[in-house]
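See structure below.
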Protein chains: 2
Amino acid sequence: MKIGEVSRITGTNVETVRYYERIGLLPKPSRTGGNYRSYAAQDVDRLKFIRHARGLGFDIADIRSLLDLGEHPERDCCEVDQIATSHLVSVENKLRQLEQLQQELVRMLRQCRGGQVADCRIMLTLAER
Amino acid sequence: MKIGEVSRITGTNVETVRYYERIGLLPKPSRTGGNYRSYAAQDVDRLKFIRHARGLGFDIADIRSLLDLGEHPERDCCEVDQIATSHLVSVENKLRQLEQLQQELVRMLRQCRGGQVADCRIMLTLAER
DNA sequence: CCTTGACCCTGTAGTCGCTACAGACCCCAT
DNA sequence: ATGGGGTCTGTAGCGACTACAGGGTCAAGG
């Protein structure tokens, strides 16, 4: 399977596939006579895993660890749990931050009464503190 | 006022202050005999504005526009409102995305029953789809 | 007077996860 | 033989910083 098809199947940009190979997240595939990358079903599965994990916001380092763990199926799954849990924690932290931010923005916007920039409450709020 | 003091007052990294100057967000300050940057109160205010806006998640381009508007106090404040509103919208979009993500992560983590990586529900979930 | 140490200078490269080229090559259909 | 679509490598760009290296400046203490 050539890179374009892999790209289509997994919904991954061709350049991204090559990028994953470059950083060692995907193994170097075999090549055709014309030096085209030739992927096996296994590679596609690995890429799907990566994309799904990225979709859930895991960073590349985490995904690397998860893939490594996948290659040691006899190990205890608590390491997997740990990675996922700590990711969830950081997502929840970001969520709280964003909520606060949203509330501050709403508060700021509610004060706007129109008029000139000179009297703009939003600009004043930003200038304060 | 030297850059270190400005840094302390505003809680901004020294390198960040220089970065803002480089990208034209802060004006080039005058220099002392020893070629040290010498800031006026005005510059500190501008930097505070920038940091406050960054804290609210506005990107540099937005901040540039807001600062420009601040220099035209006679203009109508609706442009300010527009920038803030569209930022709020994007924050709310990100918020919704993060909430979904969080729920998916929670769902995934609830399935974990311990045991070996081979049977790990989290790994299976990531591999699926 | 000299040294020490804190601060400051410029310029460049690194971060993260891609994305976007340029310029070349391969392959298949017409 | 030609055209166009795919692929190749290598490099640079994004945003918003951050982190040096390798030097200069300045005030206090010995």
Side-chain angles (χ1 to χ4, degrees), chain A residues 1-26 28-39 43-44 46-67 83 87 90-91 94 97-98 101, chain B residues 1-26 28-39 43-44 46-67 83 87 90-91 94 97-98 101:
Chain A
M1 201 185 306
K2 282 187 287 179
I3 200 168
E5 201 183 344
V6 171
S7 162
R8 243 168 288 121
I9 291 176
T10 63
T12 313
N13 206 322
V14 167
E15 346 254 309
T16 304
V17 180
R18 286 197 284 252
Y19 167 72
Y20 288 158
E21 177 186 334
R22 201 163 61 243
I23 63 171
L25 210 53
L26 284 177
K28 301 198 178 206
S30 55
R31 299 284 183 136
T32 69
N35 198 31
Y36 285 8
R37 287 169 179 82
S38 173
Y39 293 95
D43 300 320
V44 176
R46 193 176 170 97
L47 180 52
K48 280 183 186 166
F49 183 99
I50 294 167
R51 294 309 289 176
H52 193 193
R54 283 291 302 132
L56 288 171
F58 287 96
D59 62 24
I60 300 282
D62 280 350
I63 294 173
R64 222 183 274 276
S65 307
L66 290 172
L67 287 167
I83 292 168
H87 177 50
S90 81
V91 165
K94 208 172 288 169
Q97 274 182 25
L98 262 190
L101 219 102
Chain B
M1 201 184 307
K2 282 186 287 178
I3 200 168
E5 200 181 347
V6 171
S7 162
R8 240 168 291 122
I9 290 176
T10 62
T12 313
N13 206 323
V14 167
E15 346 254 312
T16 304
V17 179
R18 286 197 284 249
Y19 167 71
Y20 287 159
E21 178 185 334
R22 202 164 60 242
I23 63 170
L25 208 54
L26 284 177
K28 301 198 178 207
S30 57
R31 300 284 181 136
T32 68
N35 199 31
Y36 286 7
R37 285 171 180 81
S38 173
Y39 292 95
D43 301 318
V44 176
R46 193 176 170 96
L47 181 52
K48 280 183 186 166
F49 184 99
I50 293 169
R51 294 307 290 175
H52 193 194
R54 283 291 300 132
L56 288 170
F58 287 96
D59 62 23
I60 300 283
D62 279 349
I63 294 173
R64 223 182 272 276
S65 306
L66 290 171
L67 286 166
I83 291 169
H87 177 50
S90 80
V91 165
K94 208 171 289 169
Q97 274 181 27
L98 263 191
L101 219 102

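Atom set for the values below is all heavy atoms of this structure, side chains included, hydrogens, waters and symmetry mates excluded. Computed from a predicted model, the values in this text were never measured in an experiment. Sequence lines set the chain letters: A, B, ... in the order given, protein chains first and strands last, and positions in each chain run from 1.
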Expressed in angstrom and rounded to an integer, what is the separation of [X] atom [atom1] from [N] atom [atom2]?
X     : N      : atom1 : atom2 : value
A:R37 : C:dC25 : CZ    : P     : 17 Å
A:L47 : C:dC18 : CG    : P     : 11 Å
B:E5  : D:dC26 : CD    : C1'   : 16 Å
B:I3  : C:dC7  : CD1   : P     : 13 Å
B:R22 : D:dA16 : CZ    : P     : 14 Å
B:Y39 : C:dC7  : OH    : C1'   : 14 Å
A:M1  : D:dG6  : CE    : P     : 17 Å

(message) If you define the side chain from C-beta out and look only at heavy atoms, does anything of B:L25 sit under 4.5 Å from B:Y19?
(response)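 Side chain of B:L25 against side chain of B:Y19, heavy atoms only: no contact under 4.5 Å found.
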(request) Would you indicate whether the side-chain heavy atoms of A:L56 and A:V91 approach each other to under 4.5 Å? (result)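 Side chain of A:V91 against side chain of A:L56, heavy atoms only: no contact under 4.5 Å found.
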Atom pair [atom1]/[atom2] of [X] and [Y] - distance to nearest 0.5 Å:
X     : Y      : atom1 : atom2 : result
B:I63 : B:F58  : CD1   : CZ    : 8.0 Å
A:K94 : B:L101 : NZ    : CG    : 9.0 Å
A:D43 : A:M1   : CG    : CE    : 9.0 Å
B:L26 : B:R46  : CG    : CZ    : 6.5 Å
B:R18 : B:I23  : CZ    : CD1   : 14.5 Å
A:L47 : A:Y39  : CG    : OH    : 8.5 Å

(message) Give me the atom names and distance for the closest heavy-atom approach of B:V14 to B:G4.
(response)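 Heavy-atom minimum between the residues: CG2-CA, 4.4 Å.
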(request) Give the minimum heavy-atom separation between A:S38 and A:P29, together with the two atoms involved. (result)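 Of all heavy-atom pairs spanning A:S38 and A:P29, the closest is O-CB, 3.5 Å.
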Distances for protein N or O near nucleotides 26-30 of chain C N or O, under 3.5 Å:
from, atom 1, to, atom 2, distance (Å)
C:dC26, O2, A:Y36, OH, 3.1
C:dC27, OP1, A:G34, N, 3.3

(request) Test A:T10 against A:I50 for side chain to side chain contact (heavy atoms under 4.5 Å, CB included), laying out the working first. (result) CA-CA 10 Å; A:T10 63; A:I50 294 167; over 6 Å; no
(request) Can you tell me which residue pairs pass the salt bridge (Lys or Arg N to Asp or Glu O under 4.0 Å) test with a partner in residues 51-62 of chain B, sequence neighbours excluded? (result)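 Qualifying pairs: none.
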(message) Heavy atoms within less than 4.0 Å of DNA chain C: which residues of residues 57-66 of chain B have one? Give them sorted by number.
(response)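 Correct list: empty, so none.
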(request) Please round to 10 degrees the angle between the axis of the first five pairs and the axis of the last five pairs in the helix from C:dC1-D:dG30 to C:dT30-D:dA1. (result)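 Axis-to-axis angle, ends of the helix: 30°.
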(request) Taking side-chain contact (heavy atoms from CB on, under 4.5 Å) as the test, write out the residues that go with B:R31, two or more places apart. (result)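 By the side-chain contact (heavy atoms from CB on, under 4.5 Å) rule, B:R31 matches B:E21, B:N35, B:R37.
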(request) Say whether, by atom type as modelled, one donor and one acceptor occur between the side chain of A:S7 and the main chain of A:T12 under 3.5 angstrom. (result)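 Yes: the side chain of A:S7 pairs with the backbone of A:T12.
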(request) Look at all strands and tell whether A:R8 reaches a base, only sugar-phosphate, or nothing, counting heavy atoms closer than 4.0 Å. (result)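 Nothing: the residue A:R8, judged by heavy atoms under 4.0 Å, touches no strand.
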(request) Check DNA chain D against residues 9-19 of chain B and give the residues with a non-hydrogen atom under 4.0 Å, in numerical order. (result)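 Close to the strand are B:N13, B:E15, B:T16, B:Y19.
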(request) Compare side-chain N and O positions of A:R31 against OP1 and OP2 of C:dC25 and report whether any pair is under 4.0 Å apart. (result)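 Checking A:R31 against C:dC25: no side-chain N or O falls below 4.0 Å of OP1 or OP2.
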